[in-house]
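Encoded as structure tokens, the structure appears first; notes follow it.
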Amino acid sequence: MPSNDVRILLQAAVPTAAVGAVAAVVSGVVAGGKGAIGAGVATLIVILFMGIGLYVLQRTAKSLPHLFQAMGLMLYAAQILLLFIFLAAFKNTTLFNARAFAIALVVGTLVWIAAQTRAHMKAKILYVEPESSGDKPHKTGHSS
């Protein structure tokens, strides 16, 4: 993964993890241990889903730029579908507090989106890859 991609991933994941830790503490105080577990699980899901999504989109942008927009739409639809599957599987769970999970999931997602947007705005990413000095054609002095 190129350094810009790693930098953007870290600039989005670190604030999300920090907010998730705060959400786990607040949920633990309000809803007990199950609230803290719910917020922690939600934070892990946000970081996992959004991190994989960012990685897939960066790879698509570099290898198949003409499919970038379609891949982004498909990826977001797949993330929502996977989240629905997760929610359906743990619909009646007693492992964690569902309300703490839902609130932490929404807050974590919003923080990730804001942090990723900020990281992209601050990044100095070239729109065109410059040619390296070895790739330039050499002039020989006579025309052919």
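What you see is a predicted model; the values in this text were computed from it and never measured. Values below: all heavy atoms of this structure, side chains included; hydrogens, waters and symmetry mates excluded.
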Name all residues meeting the ring pair (Phe, Tyr, Trp, His ring centres under 6.0 Å) criterion together with Y76; count only those two or more places apart in sequence or in a different chain, and write none if there are none.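 Not a single residue meets the ring pair (Phe, Tyr, Trp, His ring centres under 6.0 Å) criterion with Y76.
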Could you work out, with ring pair (Phe, Tyr, Trp, His ring centres under 6.0 Å) as the rule, every residue matching F49, not counting sequence neighbours?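 For F49, no residue satisfies ring pair (Phe, Tyr, Trp, His ring centres under 6.0 Å) once neighbours in sequence are set aside.
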With sequence neighbours left out, what residues match V26 under side chain to side chain contact (heavy atoms under 4.5 Å, CB included)?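 Checked V26 against side chain to side chain contact (heavy atoms under 4.5 Å, CB included); matches are V22, V30.
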Can you list everything that forms a side chain to side chain contact (heavy atoms under 4.5 Å, CB included) with A24? Sequence neighbours excluded, please.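 Per chain and number, A24 pairs via side chain to side chain contact (heavy atoms under 4.5 Å, CB included) with A39.
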Other members of the hydrophobic cluster containing L67, with the 4.5 Å side-chain heavy-atom rule, please.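 Members alongside L67: L64.
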Show which residues join I103 in its hydrophobic cluster (side-chain heavy-atom contacts under 4.5 Å, direct or indirect), or state none.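 So far as hydrophobic clustering goes, I103 is joined with V19, V107, V111.
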With side-chain hydrogen bond (donor to acceptor under 3.5 Å, both in side chains) as the rule and sequence neighbours excluded, what pairs involving residues 95-112 come up?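 side-chain hydrogen bond (donor to acceptor under 3.5 Å, both in side chains) check on residues 95-112 returns W112-Q116.
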Show every side-chain hydrogen bond (donor to acceptor under 3.5 Å, both in side chains) that has at least one partner inside residues 15-43, sequence neighbours left out.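 Listed once each, the pairs would be none.
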Side-chain heavy atoms under 4.5 angstrom apart, residues restricted to Ile, Leu, Val, Met, Phe, Trp, Tyr: same cluster for V46 and V106?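 Different clusters.
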If two hydrophobic side chains count as joined below 4.5 Å and joins carry through other members, does V14 share a cluster with M50?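 Each belongs to a different hydrophobic cluster.
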Close side-chain approach of [X] and [Y], heavy atoms under 4.5 Å:
| X | Y | value |
| --- | --- | --- |
| I37 | F101 | no |
| L75 | I52 | no |
| V6 | Y55 | no |

Using every non-hydrogen atom in the two residues, find where Q58 and H120 come nearest and quote the distance to one decimal.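 Closest approach of Q58 to H120: NE2-CE1, 3.8 Å.
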What are the two closest heavy atoms between L9 and G51, and how far apart are they?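 It is CD1-CA, 3.9 Å.
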Atom pairs and distances, donor-acceptor, side-chain atoms in residues 88-96, under 3.5 Å, two or more places apart:
unit_1	atom_1	unit_2	atom_2	d
T93	OG1	L95	N	3.0

